[in-house]
Amino acid sequence: MRKFRGAAALILVAGLLAGAAPAPAASLASAAADQKAFQDNFRSRFPAVPFADFANGPYSVNAPMRKQWEEIMQFPPYDFALDEGKTEFAKPFANGKTYADCFPNGGIGIRQDFPYFDGKTGEVVTLDLAINRCRQANGEKPLKYQTGMMASLTAYMAETSRGKPFDIKIPDDPRALAAYEAGKKYFYTRRGQLNFACASCHVGAAGQRMRGDILAPALGILAAFPIYRSDWGSMGTIDRRFTSCSAQMRSTPLPPQDPAYRNLEYFLSYMSNGVPISGPGTRP
Amino acid sequence: MASSIRVRAQANGKTTEVQALIQHPMDSGFVKDSSGKLIPPHHIETVRFEHAGKLVLMANWGPAVSKDPYIKFAFEGGAKGDPLVVTWVDNLGKTDTLTAKIG
C-alpha cells in the first residue's frame, strides 16, 4: 500500500512538472511574451519601485542602502575611470582613426543598442567585443576584458547614453532567436556545487540579503555597467561580474566574452528593454 | 594628464564642507603580486588642505589607508570663491597639488 502511494505521488509530481513547464516553440512572439512576464513579475513584486528605477539595481529595492549610495554619489568613485575613458576614446589609433569611426553616431549615446545580433556573423556582439574588434580592425592590440581600460572606455560610452532606455532587438532570424533561447536557458539553468541558477538569486531572491549583500533584481541589472564595486576596489565590466558570479556559485567561470556569456547578456538586456542606461554605476 | 585630486568644497554659512578624492595606489608593502613578489610600499604620507594661507587640515596617512582615498571634513570660515589648496606627498617623494575654488 505504501509503495503504491509513493508511486502515485511520483506520477503526480511528474505531471505537475510537465504542466508547469510547457515548452512552446520559440518564436519572436514567445520572446516578447517572456519579456512581458519577466517585467510584470518585478513590477508586481516591487509595486513601489518606478520602472526606470530598476536601473539602479539593489538601491531600487532597499532604502537604507539607497541612502548610503546617494551619499557616495556626491563623489562617484568611478570619476577617474570616466576621465580616463574619455581621453582614450578621443585618442587616435596609430593609423589616425578613432573609436568614433567604428560606431554609429560616433560612439556617443549608443550603449542602449548593445548587445545586438549581427546577421552577417550570426552571433551576439556586445559593446566590449565591438570595442576590441574596432581596435583590431585598426591594427591595435585588443584590450583585456573585465577591468582597466575596457571598463573605462565602456564607462565613458555608457555615460554618454545615460537615460536612454535599453532597445534590444531580436531580428527575424532563427539564429538570433537561438541566441536568445540559449541565453535564457543559461539564466535559468542550475550549475556549480551550490546548485544555483542566475535566476535563483536575481529573480527568486531579488531584494533579499545574501549575507551582507542585497541581491539586485535581474530586471535592469546590466543598465549600470560598468561598475565601481567597493568589494573589488576598482572598476569591472559585465564580464567581470559574470565570471565572479559563476565562481560564487562554485561553478567554473567561462572565458570573458564566451558565446554563452554574450547570449546571456543578450537575453538579460532584452528582458530589460525600456529600463534606462544608468552606467557607470557604483555597487557595494 | 588630469589631476590626481578631486575636490568639492561648499561654503554654508559659518563652515565649509570639503570632500576630496585622491587617485593613488596606496600600496601597503605587504601585498604580493601575481608572481609572488612583494609590491613595495607606495602610499601617501601627508595630505594638507590650506585656506587663505592657513592650514585647515593635515593628515598623516599610512599603509592602512585604502586605495584612491576619500576624505570629508568641515572647517570654520571660508567663503564662496575662496581658493582651497590641496597637496599630498607620498613616501617616494611624489607629490601633487590642486587649487580648488570654494563653491
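In what follows, chains carry the letters A, B, and so on, assigned in the order in which the sequence lines appear, proteins first and then strands, with residues in each chain numbered from 1. Everything numeric here is computed off the predicted structure, so don't read it as measured data.
Counting all heavy atoms, side chain and backbone alike, A:Phe89 lies closest to A:Gly106 at CZ-O, 3.4 Å.
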If you apply the rule side chain to side chain contact (heavy atoms under 4.5 Å, CB included), what do you find for B:Ser3 with B:Asp96, and how did you get there? CA-CA 8 Å; B:Ser3 172; B:Asp96 196 6; 3.6 Å; yes
Evaluate side chain to side chain contact (heavy atoms under 4.5 Å, CB included) for A:Thr243 paired with A:Leu254, printing each intermediate quantity in order. CA-CA 7 Å; A:Thr243 49; A:Leu254 302 170; over 6 Å; no
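Side chains of A:Ser251 and A:Gln193: no donor on one and acceptor on the other come within 3.5 Å. Remark: the B:Ser35 side chain and the B:Asp33 side chain contain an N/O donor-acceptor pair separated by less than 3.5 Å. Side chain to side chain, B:Trp88 and B:Ser4 meet the donor-acceptor criterion of an N or O pair below 3.5 Å. No hydrogens or angles considered: a donor-acceptor pair under 3.5 Å links the side chains of A:Ser246 and A:Tyr261.
Cysteines A:Cys134 and A:Cys102 have SG atoms closer than 2.5 angstrom.
Listed by sequence position, B:Tyr70, B:Lys72 are the residues of residues 69-78 of chain B in contact with chain A, using a 4.5 angstrom heavy-atom cutoff. For residues 136-166 of chain A, heavy-atom neighbours of chain B at less than 4.5 Å comprise no residues at all. Applying a 4.5 Å heavy-atom cutoff, the residues of residues 14-21 of chain B that approach chain A are B:Gln19, B:Ala20, B:Leu21.
For the pair A:Arg191 and A:Tyr186, the cation sits on the ring face: its NZ or CZ lies under 6.0 Å from the ring centre, inside 45° of the axis. No cation-pi contact links A:Arg66 to A:Trp69, judged by a cut-off of 6.0 Å to the six-membered ring centre and 45° from its axis.
Ion pairing of A:Glu70 with A:Lys67 is absent here, as no side-chain N (NZ or NE/NH1/NH2) approaches a carboxylate O to less than 4.0 Å. Between A:Asp128 and A:Arg240, none of the side-chain N atoms (NZ, or NE/NH1/NH2) sits under 4.0 Å from a carboxylate O, so this pair counts as no salt bridge.
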Can you give the donor-acceptor pairs under 3.5 Å from side chains of residues 42-54 of chain B to other protein atoms, not counting sequence neighbours?
from: B:His42; atom 1: NE2; to: B:Asp90; atom 2: OD2; distance (Å): 2.8
from: B:His51; atom 1: NE2; to: B:Asp82; atom 2: OD2; distance (Å): 2.8

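Contact annotation for A:Glu84: neither backbone nor side-chain heavy atoms come within less than 4.5 Å of a heavy atom of chain B.
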